[in-house]
> 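For reference, the structure I am asking about is given below.
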Amino acid sequence: MKIATWNVNSVKARLPRLLEWLKEASPDVALLQEIKVVDDGFPAMEIADLGYNIVTHGQKTYNGVAILSKHRLEDVSMGLPGNDGSDVQARYLEAFTGGVRVGCIYLPNGNPAPGEKYDYKLAWMDRLVAHARELLTWEENLVLGGDYNICPADEDVWSPAAFAGDALCLPQSRNRFRQLLNLGYTDAIRTFHQGPLYSYWDYQAGAWEKDHGLRIDHLLLSPQAADRLTAAGVDRAPRGREKPSDHTPVWCELDV
DNA sequence: ATGCCTTGCGGAGCAAGA
């Protein structure tokens, strides 16, 4: 089973790129972030024509997440638990499909830091850690994938010095990501690839051409899923195409 | 030192992204 995550930066603007990638990569499950549409605006028919079932947790203009699956989507829940009612942003969607539970994550950016936005990011991460801890007790094949907006280590940043004070790299951000690993989750990409490897390149300043990237899109696996992990990688091709997203897909294969 | 680019919204020029 191939599970991929991709921040598409507007599903409407990216529809041609998304359709061609679904055809060529043919993931069983695709976790999409920043769809930037309400549920009714999601281009469901074109995607369903490729054999996907769809569930969305949309929002007007900003954020929004979706799960596409060639298998039945069951036990769907929208929003990250632990919301006291103040969090109105559509950033989390979860479902069980094809023998695997998947969580689709669009973690807050958090810049500028310090500030309100960074406080929101850290509070959101605390809620994520709490939910991730709870999910492990279910002892399932589980993949928490998405745009974490965290560079876990300096090797995940093209210029650690330039990003030292950025919300994506600050110690408090990395600490909370490490808490997820310490719970027992496995970073699928780092199981197979060492050294610099990126999933995002800024639209500005020729970042893609210069390979000035960041690794911020991750697939974290429960021990049960990690035991079935056979491959993982970054699919760079979509970033090099016409009208690309600034992120590119990250994928893994589970033998389930 | 700052902006560089892309998107949505709405019909100009911001806000937000990372």
Side-chain angles (χ1 to χ4, degrees), chain A residues 5-19 21 31-43 56-66 87-92 104-125 128 145-174 176-177 189 196-218 234 236 238-250:
Chain A
T5 178
W6 191 13
N7 179 324
V8 293
N9 185 16
S10 171
V11 73
K12 286 183 185 169
R14 214 64 59 214
L15 190 57
R17 295 287 80 81
L18 177 59
L19 294 175
W21 171 74
L31 312 175
L32 306 181
Q33 301 87 36
E34 278 206 90
I35 60 173
K36 294 187 177 179
V37 284
V38 294
D39 295 333
D40 288 345
F42 193 88
T56 62
H57 181 35
Q59 183 181 333
K60 182 181 164 80
T61 310
Y62 304 115
N63 311 312
V65 285
D87 186 1
V88 297
Q89 302 186 24
R91 295 180 174 276
Y92 187 81
C104 180
I105 290 167
Y106 178 45
L107 208 147
N109 175 300
N111 282 304
E116 278 179 29
K117 293 190 173 182
Y118 195 54
D119 293 341
Y120 174 64
K121 176 177 194 153
L122 294 180
W124 205 93
M125 292 192 79
L128 178 61
D147 177 0
Y148 279 74
N149 270 316
I150 298 278
C151 303
D154 277 355
E155 65 179 353
D156 301 311
V157 193
W158 69 273
S159 173
F163 280 82
D166 194 281
L168 281 61
C169 298
L170 281 171
Q172 289 167 285
S173 310
R174 286 179 170 172
R176 281 162 178 80
F177 185 83
I189 286 292
L197 181 73
Y198 308 132
S199 65
Y200 162 90
W201 297 259
D202 201 302
Y203 286 123
Q204 303 183 69
W208 168 248
E209 289 76 10
K210 291 185 268 191
D211 199 25
H212 286 179
L214 308 172
R215 190 174 76 94
I216 55 178
D217 301 274
H218 309 297
V234 176
R236 290 171 62 104
R239 184 59 182 85
R241 293 179 180 150
E242 200 75 20
K243 297 282 281 179
S245 170
D246 41 5
H247 296 249
T248 212
V250 175

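Within every chain, numbering begins at 1; the chains are lettered A, B, ... in the order of the sequence lines, protein sequences first and strands thereafter. Only heavy atoms go into these numbers, but all of them, side chains included; no hydrogens, no water, no symmetry mates.
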> With the side chain of A:Arg91 defined as its heavy atoms from C-beta on, choose the nearest nucleotide among B:dG17, B:dC9, B:dA18.
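From the listed options, B:dG17 comes nearest.
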> Atom CD1 of A:Ile35 and atom P of B:dG17: how far apart are they, to the nearest Å?
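Rounded to the whole Å, the gap is 16 Å.
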> Rounding to a whole Å, what distance do you find between A:Ile216:CD1 and B:dG17:P?
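Rounded to the whole Å, the gap is 12 Å.
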> Can you name the side chain to side chain donor-acceptor pair (under 3.5 Å) partners of A:Asn111, sequence neighbours left out?
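With neighbours one apart ignored, the set is A:Asn109, A:Asp166.
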> Report yes if the side chains of A:Trp6 and A:His247 come closer than 4.5 Å at any heavy-atom pair, otherwise no.
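Heavy-atom side-chain distance check passes, below 4.5 Å.
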> Tell me the interatomic distance from A:Leu214, atom CG, to B:dA18, atom P, rounded to whole angstroms.
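Nearest whole value for this atom pair: 10 Å.
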> Under 4.0 Å, heavy atoms only, any strand: does A:Tyr106 hit a base, just the sugar-phosphate, or nothing?
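Result for A:Tyr106 = sugar-phosphate.
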> How far, in whole Å, is B:dC14 from B:dA1 if one measures between their C1' atoms?
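Their C1' atoms lie roughly 22 Å apart.
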> Distance check needed: B:dC14 P versus A:Tyr62 OH, whole Å only.
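Roughly 14 Å, once rounded to whole Å.
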> Contact class for A:Asp147 vs. all strands (heavy atom < 4.0 Å): base, sugar-phosphate, or nothing?
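Sugar-phosphate contact only.
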> Taking side chain to side chain donor-acceptor pair (under 3.5 Å) as the test, write out the residues that go with A:Tyr198, two or more places apart.
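Side chain to side chain donor-acceptor pair (under 3.5 Å) list for A:Tyr198, sorted by chain: empty.
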> In this structure, how many angstroms lie between the C1' atom of B:dG17 and the CG atom of A:Asp217, rounded?
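Between C1' of B:dG17 and CG of A:Asp217: 13 Å.
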> If I pick the P atom on B:dT6 and the same atom on B:dT2, what distance separates them, to the nearest angstrom?
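Pairwise P distance, B:dT2 against B:dT6, rounds to 23 Å.
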> Between B:dG17 and B:dA12, how far is it from one P atom to the other, in whole Å?
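Rounded to whole Å, the distance is 26 Å.
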> Taking the same atom, P, in B:dA16 and in B:dG10, what whole-Å distance lies between them?
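Straight-line distance between the two P atoms is 15 Å.
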> Can you list the residues that meet the side chain to side chain donor-acceptor pair (under 3.5 Å) rule with A:Tyr62, with sequence neighbours excluded?
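A:Tyr62 satisfies side chain to side chain donor-acceptor pair (under 3.5 Å) with no other residue.
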> For the ring pair (Phe, Tyr, Trp, His ring centres under 6.0 Å) test, which of A:Tyr203, A:Trp201, A:Trp158 pairs with A:Trp208?
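Exactly one candidate clears the test, A:Trp201.
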> Please classify the nucleic acid contact of A:Asn63 as base, sugar-phosphate, or nothing, using heavy-atom distances under 4.0 Å.
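Since no nucleic acid heavy atom lies under 4.0 Å of A:Asn63, the category is nothing.
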> Measure the distance from NZ on A:Lys60 to P on B:dA16 and round it to the nearest whole Å.
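Taking atom P of B:dA16 as the reference, NZ of A:Lys60 is at 15 Å.
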> Look at the side chain of A:Ser245 and the backbone N and O of A:Asn7, then say whether any donor-acceptor pair between them is shorter than 3.5 Å.
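Pair found, side chain donor or acceptor close to backbone of A:Asn7.
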> OP1 or OP2 of B:dG17 less than 4.0 angstrom from a side-chain nitrogen or oxygen of A:His247, does that happen here?
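For A:His247, the contact criterion (side-chain N or O under 4.0 Å from OP1 or OP2 of B:dG17) is not met.
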> Going by side chain to side chain contact (heavy atoms under 4.5 Å, CB included), name the residues that satisfy it together with A:Pro244, two or more places apart in sequence or in a different chain.
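Expected list: A:Arg239.
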> Quick one: is B:dG17 close enough that its OP1 or OP2 comes under 4.0 Å of any side-chain N or O from A:Lys117?
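Affirmative; the distance criterion is met.
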> Of A:Val11 and A:Asn7, whose nearest nucleotide on DNA chain B comes first from the 5' end?
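Here A:Val11 is the residue nearer the 5' end.
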> Grab the N/O contacts between the protein and nucleotides 2-7 of chain B below 3.5 Å, and write none if there aren't any.
{"unit_1": "B:dC4", "atom_1": "N1", "unit_2": "A:Gln204", "atom_2": "OE1", "d": "3.4"}
{"unit_1": "B:dT7", "atom_1": "OP1", "unit_2": "A:Arg14", "atom_2": "NH1", "d": "2.9"}
{"unit_1": "B:dT7", "atom_1": "OP1", "unit_2": "A:Arg14", "atom_2": "NH2", "d": "3.1"}
{"unit_1": "B:dT7", "atom_1": "OP2", "unit_2": "A:Lys243", "atom_2": "NZ", "d": "2.7"}
{"unit_1": "B:dT7", "atom_1": "O3'", "unit_2": "A:Ser10", "atom_2": "OG", "d": "3.3"}

> Let me know the distance between NZ of A:Lys12 and C1' of B:dC9, rounded to the nearest Å.
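Taking NZ of A:Lys12 and C1' of B:dC9, I get 11 Å after rounding.
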> Not counting sequence neighbours, which residues clear salt bridge (charged side-chain N to carboxylate O under 4.0 Å, His left out) with A:Asp211? List them please.
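Only A:Arg236 meet the salt bridge (charged side-chain N to carboxylate O under 4.0 Å, His left out) criterion with A:Asp211.
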> Can you check the A:Lys121 NZ to B:dA16 C1' distance for me, whole Å?
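To the nearest whole Å, that distance equals 14 Å.
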